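Structure first, then comments.
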There are 2 protein chains.
Amino acid sequence: MTDEPVVPRSRRERPAKPPLTREAIIGTALAILAEEGLGKVTMRRIASALDTGHASLYVYVRDTEDLHAQILDELLGRMPPISRGGDWRARMHELLASYTRVLHQHPEIARMTRAGHPVGPHYFALVESTLELLNEGGVGDDEAAWGVDLLLSAVTANAVEHGTDDFAGKNDDALIATAGQIATAGTQYPHIARLGDSMLSGSAAERFEWGVDVLLNGILGTGRA
Amino acid sequence: MTDEPVVPRSRRERPAKPPLTREAIIGTALAILAEEGLGKVTMRRIASALDTGHASLYVYVRDTEDLHAQILDELLGRMPPISRGGDWRARMHELLASYTRVLHQHPEIARMTRAGHPVGPHYFALVESTLELLNEGGVGDDEAAWGVDLLLSAVTANAVEHGTDDFAGKNDDALIATAGQIATAGTQYPHIARLGDSMLSGSAAERFEWGVDVLLNGILGTGRA
DNA sequence: ACCTGAACACCGTTCAAGT
DNA sequence: ACCTGAACACCGTTCAAGT
């Protein structure tokens, strides 16, 4: 009812409508992603949050796939820089844990990470850091070249799979359902029945550490033909 | 113009409208998936192919996510049984290559494999087979229990990543774009610049074989704390 | 060059009413 | 119990017209 139209504000104080830029679009998309999930990150939703028409976005973004790719790379840009000094293996664990943390915070976007080969500048930086550490660890060039892909793919898959269960990693519905199936496995799936408890054991962190060591040991111990 | 209304056909010969069942729905979904891609596998599209109303599908399928999960498990059911006899490692390669082949044929559905923990009966069978082979290979129970997840996740990620480039695996657009970026990497990303060629080298099959061996060697050589 | 509104061709899901 | 049509609340993308 009471609108405040009369007093004009200095334009520095409150710009009525910020300019439409790629940065504004991605920033808004990230905010919506964090608050409402990927399902709401649509052209129309972003445009309305920016108080513009949805067709206007196509000046800065080719299509929905491009939008998602840009969001993902922006997210990777938020990774802290790799720490200097210390054991290469420890630093590799640190780097990959940091990458995992980013993906964990946005499980839905992580799912599409490997769709059309992510090629943003920030993903490139992650590849470079991984190669640097493999080199420090004495991994041969050939093995490092193929290993970086294996390592990052496995870590991505792991992050997608375990969603946001940060440390406990035990009490989500899916896991309970799985446990139920395992209990029922009985004679039809003897190995699952026998190892079921062990399959579900351990914290997310423990499993992650072990997985990275498996990859690193495997890469160190398996020459390329 | 010339319709053929008069002669009544025996109902066995040509049932005008097959009964709506879960099987019919999934079968139709698979046909659309194969011919038109996941983007066209919608409730409305399936219903119209089955000559029924789209709301009718909800009797057999909870929602779109459930539909996708059922499609995926059906696809896994098409995997040939694991061959008996022979080296466990060779048979593991065979099993995982077979799994990869299924995912390669449907790259879009593969992308969502690990979304909400696939728990269909056919995925369970795949887990069981993998555990069986790890056991044959002398992998400890604890390592096998965690390793099966690592192995299947990595293979899934690999399949998603490399889409349908069956054997050549060299001449898709994304790879060319990547190669272009690598060439430009220069001093900013020295390791990428140095190893770029090697990163893109090898056939899909060679990379797959090496990756599986890395995992197996790593699992064999890395004890759980 | 950028922005806009309108139009086109779709979606998933729910629900009251039928059989 | 299953099927249906209609309704609701959305989508992405294109394009002619404006500025």
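Small disclaimer: the values here were computed from a predicted structure and weren't measured. Throughout, a chain's letter reflects where its sequence line sits, starting with A, and its residues are numbered from 1. Just so it is clear, the values below take in all heavy atoms, side chains as well, and ignore hydrogens, waters and symmetry mates.
Taking the side chain of Thr42(B) as heavy atoms from C-beta on, and the options dT4(C), dG12(C), dA6(D), the nearest nucleotide is dG12(C). Residue Arg44(B) places its side chain closer to dA7(D) than to any other of dA6(C), dA7(D), dC2(C). If you check dG12(D), dC11(C), dC2(D) against the side chain of Tyr58(A), the one that comes closest is dG12(D). Nearest to the side-chain atoms of Met43(A) among the listed nucleotides dG12(D), dC15(C), dT13(C) stands dG12(D). You'll find that the side chain of Ala55(A) is closest to dC15(D), out of dC11(C), dC15(D), dT13(D).
For dC3(D), neither phosphate oxygen OP1 nor OP2 lies less than 4.0 angstrom from any side-chain nitrogen or oxygen of Thr52(B). Between dA1(C) and Tyr60(A), no contact under 4.0 Å exists linking OP1 or OP2 to a side-chain N or O. Taking side-chain N and O atoms only, Ser56(B) has no distance below 4.0 Å to OP1 or OP2 of dC2(D). Put simply, Thr64(B) has a side-chain N or O that comes within less than 4.0 Å of OP1 or OP2 on dT13(C).
Summarising the base pairing, dA1(C) is matched to dT19(D) through a Watson-Crick or G-U wobble pair whose two defining distances lie under 3.5 Å. Across every strand in view, dA6(D) sits in a pair with dT14(C) that passes the Watson-Crick or G-U test at under 3.5 angstrom.
Side-chain N or O atoms of Arg207(A) include one that pairs as donor or acceptor with a backbone N or O of Ser201(A) at under 3.5 Å. Judged by distance alone, the side chain of Ser48(A) and the main-chain N or O of Asp51(A) form no donor-acceptor pair under 3.5 Å. Side-chain atoms of Glu206(B) come within 3.5 Å of backbone N or O of Ser203(B) as a donor-acceptor pair.
Rounded to whole Å, the P atom of dA9(D) lies 22 Å from the corresponding atom of dC8(C).
Separating the CG atom of Leu20(B) from the P atom of dT19(C) is a distance of 19 Å, rounded to the nearest angstrom. Atom CZ in Arg62(B) sits roughly 15 Å away from atom C1' in dG12(C) (whole-Å rounding).
Electrostatic pairing of Glu36(B) and Arg45(B) counts as a salt bridge here, judged by a charged N lying under 4.0 Å from a carboxylate O.
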